[in-house]
Amino acid sequence: MERQSVLATEDEVVNWIEDGMTIAIGEPAPMAMVRHIIRNRISGLTIIGSGIALDYLIAGGCVSKVISYYAGGGFGVAVAPSFRHAAQTGELEVWECDEGVLTSGLEATAKGLPFLPWRGGVGTSLPEVNKDLRVMEDPINGEILLAVPAIHIDVALLHASKADVYGNVQHQGGPGWIDLFLRRAANRVAVQVEKIIPNEEVRSDAWATTISNADAVIRAPYGAHPFYSRGHYVQDKKHLKLYVDAATLAVTGEQTYIEEYFRRHVYQTTSHIMYLEVIGITRLLSLHEY
Amino acid sequence: MERQSVLATEDEVVNWIEDGMTIAIGEPAPMAMVRHIIRNRISGLTIIGSGIALDYLIAGGCVSKVISYYAGGGFGVAVAPSFRHAAQTGELEVWECDEGVLTSGLEATAKGLPFLPWRGGVGTSLPEVNKDLRVMEDPINGEILLAVPAIHIDVALLHASKADVYGNVQHQGGPGWIDLFLRRAANRVAVQVEKIIPNEEVRSDAWATTISNADAVIRAPYGAHPFYSRGHYVQDKKHLKLYVDAATLAVTGEQTYIEEYFRRHVYQTTSHIMYLEVIGITRLLSLHEY
Amino acid sequence: MRYSSVDNFTVQELMAVFLARQLKDGDHLQVGVALPVPEAAVRLAHIMHGPNMELIFLGARMNVHQLEQLPLPEFGWDNRVVRWAESYSDRGHRFDQVKDWYRRVFFIGGVQVDRFGNTNLIGIGNDHQRLDFRGPGSVGTATLTAHVGRYYIVLNNHTPRLLVEKCDFISAFGWGDGGPDARKRLGIPGGGPQLCITPLCVMDFAEDTKCMRLMSVHPGVTVDDVKDATGFPLEISDKLTTTKIPSLEELTILRSRVDPHGSLRS
Amino acid sequence: MRYSSVDNFTVQELMAVFLARQLKDGDHLQVGVALPVPEAAVRLAHIMHGPNMELIFLGARMNVHQLEQLPLPEFGWDNRVVRWAESYSDRGHRFDQVKDWYRRVFFIGGVQVDRFGNTNLIGIGNDHQRLDFRGPGSVGTATLTAHVGRYYIVLNNHTPRLLVEKCDFISAFGWGDGGPDARKRLGIPGGGPQLCITPLCVMDFAEDTKCMRLMSVHPGVTVDDVKDATGFPLEISDKLTTTKIPSLEELTILRSRVDPHGSLRS
């Protein structure tokens, strides 16, 4: 009898994901898996995510609802273009929240509770535009709070520095702020990593283990590209501008550029490694952190 | 202008503590400060603490109320002797809880909330014997939960491996399970450490920093004695047996031994360093971890 | 108690081996302080059939299946066990992932245990502020027993004062006033107590009433011995057996790799 | 906007220096992404008079008073700033110590800001599911503004569409419908918005009404310029002044140690 490895392929993990599920996207963005979801034409998803990484999935036609605190843009646009367009036309349902409201709902799930109270958002429009939030009086002092319902996640997809094959994950420079909230609230978690390390390296610094019992570990060097991965590379601004420009044109009716973008980077490739070949080693190595 | 050091003496920290305050005792036990509280004959305290470390403060006459989830004994007794006696005679008020109830109250404070809901304890006697706990229905699904009121701490006293003089604390082998809850709920926190380290060592592994902005850092090598300090020494079983036997005799009416214990280890010394001299370097060095 | 069988094992060894057999590969095993029988059981199971078990001690998570020896800690708070850690199970937020505790298995004792598996660590008496016997407190048991997938009541004694009709106080809710939906009615998700293991016998909970029921007596113990030592009328299983003794392999591994210092034999 | 003063500083530089002067030693300074003026202000204050300030970026806590240069990040999510970390401010539990946020200072923008300092990052329009302009979302502002000791509204533009009578949606509660007890009535502990700083002027909130009030105009800007650019009737402070320009020392440090690449000059 042996201890079982949880090392998995992109295909194995994408097979967990069914149309209509709630999928959480961490930060740094697990772009290898994001692209694989788009490539597999999964649709009707509820996405917990933010920024341009969220925008990819919307542009890719995968999303019908977002639970998002932030979909900012950059590269000349104030708001992620596909998100903005789909939200304005009503194609996309937006579960409006702020970070503290979202994490309260995630913590409720992780703690096995139907709700958690939160003060941030009292006095704002959040409970008006999001009917799942209830204004409540606390049962002890009668203070006004928001009751945030438990938010459930079917699969959380995260990107990190390294992991052993048993699902012990270690981040360099700290995990993204929301990743551990997502992990704790998710039924299953798959973590892309830059590098697989031996179990002995995990044990040598157990405090550095940020996630244990990941359900799958996927080897994906440069797997956050075109975003950053702490300790490894910075974001690829040129590539992101390419995407943002194409997506911005698409919502004005000019679909050519975004179609070409997805064809070249997603549909014509079948795996993350093939994607990296398209990007090219010269570009990748130019993204060094320091 | 310079960045200010928070390095402090035992006297400076004990001056924060007034009769009747709520003081939290971490784990490993910050025994240098526990002894200094007894030495300064502070009384009427509400203590959040556990086990034999809590028992010292009760035997030392400092405590009128405990918020405790566990006051187990060891060394031949099932329950900490002074705690057991004082609780049975009614001298000591016990705010009955379990770990999850306690941490919910501490988290409520840290989150700026008047209460947090918790499921653990539903169906038990806890809300009957602790009237501060309320059985509530959650405002979303109507599930039965306990509402735990925010628990406030005036000063938390903790023991850790190392810190810089700016209050960045790093534990070896992880902090005690409750220490960070206490830290987050406390108005002020003082941390005894085995060693002061340079700020550069902190920065070299920022993820290892478990507490930042400690209000005071006290240099106290062997400061958890007779308890363990992870990465440094194991507990001193002989010394603990001496204490437990003396405290057990005391509650049967024979005060001689506990008085002698306190005289020798607390009242006749004026500082932690003098206490270590009483214990002796030979005994201390015999407590090596591996 | 020492049995005069060929193997000459102690009742603690019998209990540890029995308990080890209840544990399944993949279980996450959480043992509190000062419980040598469960401590030995989880180690034995981990070695014998649990390469994917997770052992949780003092806030550390470990998988030590490959180690030659997994010796019992010398005392409850022996922090040397954390040297095996792969991660810390709470990192300062012990209760932030109870959702996944359906994978956890827990072990609990008490100063009183009632016929429905409710347990009391608060104390004995009528007036909470003036107890006849003040117990150590609930530790994490109210919370753990509410959420873990299943748990086992493990007792060092078997007396009518310990196994009572009704606890003076309940610090961990077992099957309440009985019935298979006792926990569901209160919305308590965990699977509840499965067995009660004592130096005399093993008891389970009857499916319909969730009353404690004698399932097996240890070698040399009679049903009347158990009845006399129990403070409530005990149901008897129609499949009543004698507790299966340790195999040679189990006892060998227990003594050589888990309990080389003989804690369970003293 | 570039001023043709002797120093030839830009309005962004003016705003950054003004804001730096509002910050006190000991403040914990939290800057969101893509806000170069506050980013520069906290760095400048830290160097000039804040050796005990704490800078919080991207979940990392740092004190970098002793560094020669504290350059602005190249883009919002430039993780290289975490190389200065002494600890991580959340370690996976961002909101577990809001109690201590009375020491924090925060900076906020919006797609709309109303006369009582309520801000809107949700969007513009009547129907939330079919907005005319969909904003980026609340980020952490609803929570941060509820708890931080004080905060500053910092805007890159000053137009009647941005500074409105009433926000279509409120994502961060400022002074509600006005009055000094607007926050207290709702039990919101944070100190609320203190000033609104735009490319034209600085506005405070009148003590009695908590209405936005013109406090100082930037050099070369008239009161009428500000009134014309504001979507609500603006109160004028009886202590109205011209915003004090940067000193030579401030501008030198800003340009040499904080903004060597000239982000605020482009």
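The chains referred to below are lettered A, B, ... by the order of the sequence lines, with proteins before strands, and numbering in each begins at 1.
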- Would you mind checking which part of A185(B) comes under 4.5 Å of any heavy atom in chain D, side chain (CB onward), backbone (N, CA, C, O), both or neither? backbone
- Note on the structure: A206(B) and A85(D) have their tightest heavy-atom pair at CB-O, 3.5 Å
- When R83(D), R103(D), E86(D), H147(D) are compared by non-hydrogen pairs under 4.5 Å with chain B, the top option: E86(D)
- Look at I211(B), D205(B), T209(B) and state which one has the largest set of heavy-atom pairs under 4.5 Å with chain D. T209(B)
- Query: If you round to the nearest 0.5 Å, how far is CD1 of I56(D) from OG of S212(B)?
  - Reply: 8.5 Å
- Message: What part of F95(D) gets within 4.5 angstrom of chain B, counting heavy atoms only: side chain, backbone, both, or neither?
- Response: backbone
- Message: Counting only heavy atoms from other residues, nucleotides and ligands, does the tally under 6.0 Å from NZ of K195(B) exceed 12?
- Response: no
- Nearest 0.5 Å please: distance from the CG atom of N199(B) over to the CD atom of Q66(D). 7.5 Å
- Query: Within the side chain of K99(D), is there an N or O that forms a donor-acceptor pair under 3.5 Å with the backbone of E107(B)?
  - Reply: no
- Query: Quick check: are there more than 12 heavy atoms from other residues, nucleotides or ligands sitting under 6.0 Å from CG of N15(B)?
  - Reply: yes
- Task: Heavy atoms only: give me the nearest L180(B)-R91(D) pair and the separation to one decimal.
- Result: CD1-NH2, 3.2 Å
- Query: Does R3(B) offer a backbone N or O that forms a donor-acceptor pair with the side chain of N52(D) under 3.5 Å?
  - Reply: no
- Among the options H28(D), R61(D), H65(D), M62(D), pick out the one with the most heavy-atom pairs lying under 4.5 Å from chain B. R61(D)
- Query: Would you say E12(B) has more than 12 foreign heavy atoms packed within less than 6.0 Å of its CD?
  - Reply: yes
- Item | Heavy-atom proximity to chain D below 4.5 Å, by part of A186(B) | backbone
- Query: How close do R184(B) and D96(D) get, heavy atom to heavy atom, and via which atoms?
  - Reply: CD-O, 3.2 Å
- Got P51(D) and M1(B) here, is their nearest side-chain heavy-atom distance under 4.5 Å? yes
